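Heads up, the thing below is written out as structure tokens.
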There are 2 protein chains.
Amino acid sequence: MVTTCAGVSAAPGGDPYQQGCPTRRILDRIGDRWTVLVVGALGDGTARFSELKRRIEGISQKMLTQTLREMERDGLVTRTMYAQVPVRVEYQLTDAGMSLRGPLKALEEWSIEHLGMVMTAQQVYDQPS
Amino acid sequence: MVTTCAGVSAAPGGDPYQQGCPTRRILDRIGDRWTVLVVGALGDGTARFSELKRRIEGISQKMLTQTLREMERDGLVTRTMYAQVPVRVEYQLTDAGMSLRGPLKALEEWSIEHLGMVMTAQQVYDQPS
DNA sequence: CCGTATCCACCGGGATACTG
DNA sequence: CAGTATCCCGGTGGATACGG
């Protein structure tokens, strides 16, 4: 099985496993620890900053801000600020962001389905023989 | 929207966004930089260590070994060693590993489809206005 | 050929403190 | 409320050298 690198590989039938391949860069981005969870937390609808922070247990303010900025830059979320006091900012998935939900959902489901198997495998592997 | 940990709607387990949630741990694992590529590189069939190293451009020996060990521990790949000189080791996806290909493929396809959009969005975002 | 061991630079990311 | 700014520690991962 040979896939091309986002179809922009110099050599036809090029390898998606090439360094610096744009596809790999995107994979890195959406594969990061928090992006997946933010997409899930944004789910369907709009959420304020503090709401997201509450939903995603364990995320720091810094990482939430940073992740949202990256996602905004990548066109995955929109940021709407209401100039009132106190400030109110709302985040929302764009169409592109929404379209990510499917693939990520599939991954989450895989995790759920195979959780038991993985944990068992780990115990077996860790058995001192 | 409240989703429960392990996706089981309404109840035991709690929120998937909770710290230490097993689902999150698995997500972290398969979401890592190299696992995705190893699954792809193993594709359909068996591959030797050096073969994988060649296919996945940019991976270091250390990281390939480490990733394969983790995957073996998680029950995603099998490792077969042939005691000959020079040594020969072959890796192969387990059924569980194979079942990961679908979800990951979906992610890769998303990347390819949205690559252009993301790069454009980035340029717009980076415009000094 | 297929690793393991060691050293080390880098940076992701938490804690904390401060603004509009 | 929703950030920005700083400091700083620990882990990730590359480079290199050696072993079965």
Side-chain angles (χ1 to χ4, degrees), chain A residues 17-21 24-38 41-42 45-74 77-92 125-126 128, chain B residues 17-21 24-38 41-42 46-74 77-92 125-126:
Chain A
Y17 300 105
Q18 278 182 353
Q19 266 179 303
C21 166
R24 194 189 279 193
R25 284 210 309 271
I26 301 217
L27 245 19
D28 282 353
R29 177 131 300 312
I30 62 186
D32 98 63
R33 185 182 172 84
W34 300 115
T35 302
V36 177
L37 295 173
V38 170
L42 239 33
T46 281
R48 302 183 55 170
F49 183 87
S50 48
E51 233 170 315
L52 290 173
K53 182 144 180 9
R54 237 179 304 111
R55 277 191 205 167
I56 306 173
E57 192 176 323
I59 196 171
S60 64
Q61 188 172 37
K62 176 180 173 180
M63 288 318 295
L64 181 53
T65 301
Q66 196 170 300
T67 303
L68 286 169
R69 284 287 173 285
E70 284 293 343
M71 292 176 73
E72 192 192 354
R73 178 169 182 263
D74 290 347
V77 303
T78 56
R79 177 177 182 275
T80 314
M81 192 175 165
Y82 300 90
Q84 52 188 44
V85 180
V87 181
R88 170 200 184 87
V89 179
E90 293 196 332
Y91 292 92
Q92 185 173 219
Y125 187 93
D126 293 340
Chain B
Y17 299 105
Q18 274 184 352
Q19 270 177 300
C21 165
R24 195 190 277 194
R25 284 210 309 272
I26 301 217
L27 244 22
D28 281 353
R29 179 135 297 314
I30 63 187
D32 98 63
R33 185 184 173 83
W34 299 116
T35 302
V36 177
L37 295 172
V38 170
L42 239 33
T46 281
R48 302 182 56 170
F49 184 87
S50 48
E51 232 171 316
L52 291 173
K53 180 139 181 12
R54 237 179 307 110
R55 275 191 207 169
I56 306 173
E57 193 176 323
I59 196 171
S60 65
Q61 189 172 36
K62 177 181 174 180
M63 287 318 296
L64 181 54
T65 301
Q66 197 170 302
T67 303
L68 286 168
R69 283 291 172 285
E70 284 294 343
M71 292 176 72
E72 191 192 354
R73 178 168 181 265
D74 289 347
V77 304
T78 57
R79 177 177 182 273
T80 314
M81 192 174 164
Y82 299 92
Q84 52 189 41
V85 180
V87 181
R88 171 199 183 87
V89 180
E90 293 195 332
Y91 292 93
Q92 186 173 218
Y125 187 92
D126 293 340

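Labels below follow one simple rule: chain letters A, B, ... track the order of the sequence lines, proteins then strands, and each chain is numbered from 1. As the structure is a computational prediction, the values presented were derived from the model and not from experiment.
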Query - Residues forming a side-chain contact (heavy atoms from CB on, under 4.5 Å) with B:Val89, sequence neighbours excluded - result: B:Arg79, B:Met81, B:Val87, B:Tyr91
Query raised in the report: Roughly how far apart are A:Thr65 OG1 and A:Glu72 CD, rounded to 0.5 Å?
Result: 11.5 Å
Report task. Could you tell me the separation between the CZ atom of B:Arg33 and the C1' atom of D:dG11, rounded to a whole number of Å? Result -> 16 Å
Query - Reported OG1-to-CG distance for the pair A:Thr46 and A:Leu52, which is rounded to 0.5 angstrom - result: 10.0 Å
Query raised in the report: To the nearest 0.5 Å, what is the distance between CD (B:Glu70) and CH2 (B:Trp34)?
Result: 15.5 Å
Query raised in the report: Rounded to the Å, how far apart are B:Asp32 CG and D:dT12 C1'?
Result: 11 Å
Query - Which residues share a side-chain hydrogen bond (donor to acceptor under 3.5 Å, both in side chains) with B:Asp74, sequence neighbours left out - result: A:Gln122, B:Arg29
Query raised in the report: Where each residue is assigned the nucleotide of DNA chain C containing its nearest heavy atom, which of B:Arg79 and A:Trp34 is assigned the position nearer the 5′ end?
Result: B:Arg79
Query raised in the report: What pairs with B:Gln61 under side-chain hydrogen bond (donor to acceptor under 3.5 Å, both in side chains), at least two apart in sequence or on another chain?
Result: none
Requested in this report: Could you list the residues that satisfy side-chain hydrogen bond (donor to acceptor under 3.5 Å, both in side chains) with B:Arg33, not counting sequence neighbours?
Outcome: A:Asp28
Requested in this report: Using atom CD1 of A:Ile59 as one end and atom P of C:dG14 as the other, report the distance to the nearest whole Å.
Outcome: 8 Å
Query raised in the report: Can you check the B:Ile56 CD1 to D:dG14 C1' distance for me, whole Å?
Result: 16 Å
Report task. Enumerate the residues from residues 63-71 of chain B whose closest heavy atom to DNA chain D is under 4.0 Å, giving them by residue number; use none for an empty result. Result -> B:Met63
Requested in this report: Could you pull out all residues at least two apart from B:Arg88 that satisfy side-chain hydrogen bond (donor to acceptor under 3.5 Å, both in side chains)?
Outcome: B:Glu90
Taking only nitrogen or oxygen atoms into account, show me every contact under 3.5 Å that the protein makes with nucleotides 15-20 of chain D, one pair per line with its distance.
none

Requested in this report: Determine: side-chain N/O of B:Arg48 to OP1/OP2 of C:dC2, distance under 4.0 Å, yes or no.
Outcome: yes
Query raised in the report: Is the phosphate of D:dC1, meaning OP1 or OP2, less than 4.0 Å from a side-chain N or O of A:Tyr91?
Result: no
Report task. Calculate the interatomic distance between A:Gln84 atom CD and C:dG20 atom P; express it in whole Å. Result -> 19 Å
Report summary line: Computed from five pairs at either end and rounded to 10 degrees, the angle between the axes of the helix from C:dC1-D:dG20 to C:dG20-D:dC1 is 50°
Query raised in the report: Can you find a heavy atom in the side chain of B:Leu64 that is under 4.5 Å from one in the side chain of B:Val38?
Result: yes
Query raised in the report: Which part of the nucleic acid, if any, lies within reach of B:Tyr82 when heavy atoms closer than 4.0 Å are counted: base, sugar-phosphate only, or nothing?
Result: nothing
Query - Student check: side-chain heavy atoms of B:Ile59 and B:Leu37 closer than 4.5 Å - result: no
Report task. Under the side-chain contact (heavy atoms from CB on, under 4.5 Å) rule, collect the residues that match up with A:Glu51, sequence neighbours excluded. Result -> A:Ala47, A:Arg48, A:Arg54, A:Arg55
